[in-house]
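Keep in mind the model is a prediction, meaning the values are calculated, not measured.
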Number of protein chains: 2
Amino acid sequence: MKMAQLSAESDTPVATIKFYLRENLLAGGERTSPNQASYNTGHLRRIRLVRGLIDVGGLSVAAARRVIEAIDSELPLPETFEIAQRSVSDELDPTAIDSSALARVDGLMAGWHVSANNPGRLAAASVLETFDQIGHVDHRGWFAGYAAAALLVADADLDEVDALPDREAKAEMVVVGTVLGDALFSGLRRAAQEHISLLRYPYPNHEITEPTKE
Amino acid sequence: MKMAQLSAESDTPVATIKFYLRENLLAGGERTSPNQASYNTGHLRRIRLVRGLIDVGGLSVAAARRVIEAIDSELPLPETFEIAQRSVSDELDPTAIDSSALARVDGLMAGWHVSANNPGRLAAASVLETFDQIGHVDHRGWFAGYAAAALLVADADLDEVDALPDREAKAEMVVVGTVLGDALFSGLRRAAQEHISLLRYPYPNHEITEPTKE
DNA sequence: AGTTATAGACAGTGAAGCTATCCGTTAGTT
DNA sequence: AACTAACGGATAGCTTCACTGTCTATAACT
């Protein structure tokens with residue numbers, strides 16, 4: 001496959017593919033002459049993965065490069081998992097986070113074995129800190145519901161990884177699951193919100209029988 | 001309160017506050033003379049809200065403006081909810097989404113009352129489409145776990161909104177809950193992943209007894 | 001022989017989110 | 001009254017990010 005076809009099948013401009021090559025998001029094709037190379041379906045899949053991570057998962061190019069390197073590496077799965085987690089979370093300074101918020105997060109995760117610098121733990125604490133700052137108090141019951149749901153989802157995540165045969169497949173699932181899982185969940189959550197709110201307040205002002213065009 | 005104090009207490013540069021004023025994320029202070037104004041704690045809270053939405057929730061300035069206008073408006077709650085949902089989701093063209101992916105999402109949400117153009121439904125479908133494109137098939141069991149968890153969370157969301165007294169408080173909770181709820185859940189999910197993975201594979205190569213510094 | 005495609009280098013673009021500078025007032029201090 | 005610091009408002013500039021476009025020399029099709 002040549003560049004033009006790769007571009008057509010991935011629906012990605014040639015200039016963008018060249019950019020991904022420069023950024024090491026994509027390995028070069030097999031050389032057939034000094035200024036010609038041929039690409040295979042692996043390249044095509046990789047471009048689609050990159051675009052999925054960036055467009056759907058919302059990763060930056062730098063984060064996408066990190067997780068792709070983690071897939072391609074021979075690192076053990078836990079390390080790959082950690083790279084995926086760190087790449088989707090923005091780096092937080094643990095010392096900058098309110099200790100009361102941290103303590104409350106740890107309370108939500110009572111009985112969980114989680115390391116102190118788990119990026120999710122820090123991110124959750126900074127969310128709780130934000131609630132404090134804008135004057136929201138005592139959402140404990142609400143937070144507890146989130147913790148229960150997170151446990152459920154994490155269990156499903158691990159099931160799915162366990163079902164795969166080899167390290168490469170597992171590693172890709174870990175990365176893709178971590179990145180796209182967030183997007184999937186928040187989408188389903190919004191849909192569920194509409195459903196539940198219609199359950200509780202049947203037909204307020206709302207049109208549901210005829211889905212409208214935007 | 002004058003500008004300097006507002007800046008100090010919100011830990012936000014004066015130039016940034018002026019930027020927020022220009023962008024209508026923040027109302028002007030009460031005029032005391034042609035070039036002087038005084039701000040109150042409402043302004044302070046608002047700045048913290050804006051920074052929470054942008055820094056923690058990851059909203060763009062434009063999205064933050066939309067949701068803040070929705071809070072301040074007198075729109076009924078369902079409309080406010082919808083604005084919040086649309087502001088945190090990127091706008092997707094329904095016609096551009098693979099119909100098989102949409103059908104599978106609808107399968108996951110069997111029994112739910114969700115309008116066809118719910119942004120979460122479309123977002124979830126585009127995630128499923130991405131899985132297809134990178135050659136992942138049959139994650140149905142996994143997806144189903146997500147749908148169940150989403151229902152749980154949405155129920156908790158509505159409980160929390162119901163508990164509040166007036167429209168203004170409810171509206172702010174809707175917006176803040178929608179935006180920060182995503183961040184909270186994904187944080188807790190990452191922590192839960194570490195916990196579950198340690199439960200299943202006790203102490204792989206991993207250090208958990210002594211949390212390390214980055 | 002002539003058009004088109006290619007690899008690779010590099011400069012340029014446009015959006016986003018601030019940040020800095022300037023101006024003419026006003027407030028507070030001395 | 002004089003002086004300094006802070007203010008509101010306008011405008012320009014900065015930095016990062018994710019591309020996008022242009023160029024050259026070579027190779028491939030027709």
Side-chain angles (χ1 to χ4, degrees), chain A residues 1-40 43-44 46-68 87-88 90-91 179, chain B residues 1-40 43-44 46-68 87-88 90-91 179:
Chain A
M1 194 189 316
K2 284 193 284 183
M3 181 56 88
Q5 195 185 347
L6 189 63
S7 164
E9 296 210 19
S10 64
D11 196 29
T12 303
V14 171
T16 303
I17 296 179
K18 287 183 174 188
F19 171 67
Y20 290 163
L21 285 166
R22 277 200 305 284
E23 292 287 321
N24 288 311
L25 294 172
L26 181 65
E30 198 189 343
R31 272 293 126 67
T32 59
S33 75
N35 74 335
Q36 300 282 295
S38 97
Y39 305 90
N40 54 41
H43 291 93
L44 185 54
R46 178 52 59 90
I47 291 176
R48 298 214 251 240
L49 173 61
V50 168
R51 294 193 73 91
L53 294 175
I54 292 176
D55 295 347
V56 180
L59 290 200
S60 67
V61 166
R65 180 171 44 237
R66 282 195 300 272
V67 299
I68 279 177
S87 297
V88 294
D90 10 324
E91 202 59 63
V179 176
Chain B
M1 194 189 316
K2 288 193 284 187
M3 181 54 91
Q5 196 185 345
L6 191 62
S7 163
E9 296 208 21
S10 64
D11 197 30
T12 303
V14 171
T16 303
I17 297 179
K18 288 184 174 186
F19 171 68
Y20 290 163
L21 285 166
R22 277 200 305 283
E23 292 288 320
N24 288 313
L25 294 172
L26 181 65
E30 198 189 345
R31 270 295 126 67
T32 60
S33 75
N35 76 333
Q36 300 282 295
S38 95
Y39 306 91
N40 54 40
H43 291 92
L44 185 55
R46 178 53 57 92
I47 292 176
R48 298 214 253 240
L49 174 61
V50 168
R51 294 193 69 92
L53 294 174
I54 292 176
D55 295 345
V56 180
L59 291 200
S60 67
V61 165
R65 181 170 45 237
R66 283 195 299 273
V67 299
I68 279 176
S87 297
V88 294
D90 11 323
E91 203 59 62
V179 176

* Please check if the side chain of A:S10 supplies one atom and the backbone of A:L6 the other of a donor-acceptor pair under 3.5 Å. => yes

* Of the residues in residues 56-65 of chain B, which ones touch DNA chain C at a heavy-atom distance under 4.0 Å? -> B:S60, B:V61

Write out a two-atom table: protein N or O, nucleotide N or O from nucleotides 8-12 of chain D, distance below 3.5 Å.
from, atom 1, to, atom 2, distance (Å)
D:dG8, OP1, B:Y39, OH, 2.7
D:dG8, O4', B:N35, O, 3.4
D:dG8, O3', B:R31, NH2, 3.0
D:dG8, N7, B:K18, NZ, 3.1
D:dG9, OP1, B:R31, NH1, 3.0
D:dG9, OP1, B:R31, NH2, 2.9
D:dG9, OP2, B:R31, NH2, 3.2
D:dG9, N7, B:K18, NZ, 3.3
D:dG9, O6, B:K18, NZ, 3.3

* Please state whether the phosphate of D:dC19, meaning OP1 or OP2, lies under 4.0 angstrom from any side-chain nitrogen or oxygen of A:Y20. => yes

* For C:dT25, does OP1 or OP2 lie under 4.0 Å from any side-chain N or O of B:S33? -> no

* With sequence neighbours left out, write down each residue that passes salt bridge (charged side-chain N to carboxylate O under 4.0 Å, His left out) with B:R66, or none if nothing qualifies. => none

* Structure fact -> Residues at least two apart in sequence or cross-chain that pass salt bridge (charged side-chain N to carboxylate O under 4.0 Å, His left out) with B:D90, listed by chain then number, are none

Rounded to the Å, how far apart are [X] [atom1] and [N] [atom2]?
X     : N      : atom1 : atom2 : result
B:I17 : C:dT19 : CD1   : P     : 12 Å
B:F19 : C:dA15 : CZ    : C1'   : 12 Å
A:L25 : D:dA18 : CG    : C1'   : 11 Å
A:E30 : C:dT6  : CD    : P     : 17 Å
A:M1  : C:dT6  : CE    : P     : 12 Å
B:L6  : D:dC7  : CG    : C1'   : 13 Å

* Which residue pairs pass the salt bridge (charged side-chain N to carboxylate O under 4.0 Å, His left out) test when at least one of the two sits in residues 20-35 of chain A, sequence neighbours left out? -> A:E23-A:R65

* Does some side-chain heavy atom of A:I17 sit less than 4.5 Å from a side-chain heavy atom of A:M3? -> yes

* Under the side-chain hydrogen bond (donor to acceptor under 3.5 Å, both in side chains) test, residues paired with A:R48 that sit two or more places apart -> none

* To do: Look at all strands and tell whether A:A4 reaches a base, only sugar-phosphate, or nothing, counting heavy atoms closer than 4.0 Å.
  => sugar-phosphate

For a quick test of reading the model, state the closest non-hydrogen atom pair linking [X] to [Y] and the distance between them.
X     : Y     : result
B:S87 : B:A63 : O-CB, 3.5 Å
B:R51 : B:T12 : CD-OG1, 3.0 Å
B:A64 : B:L25 : C-CD2, 3.9 Å

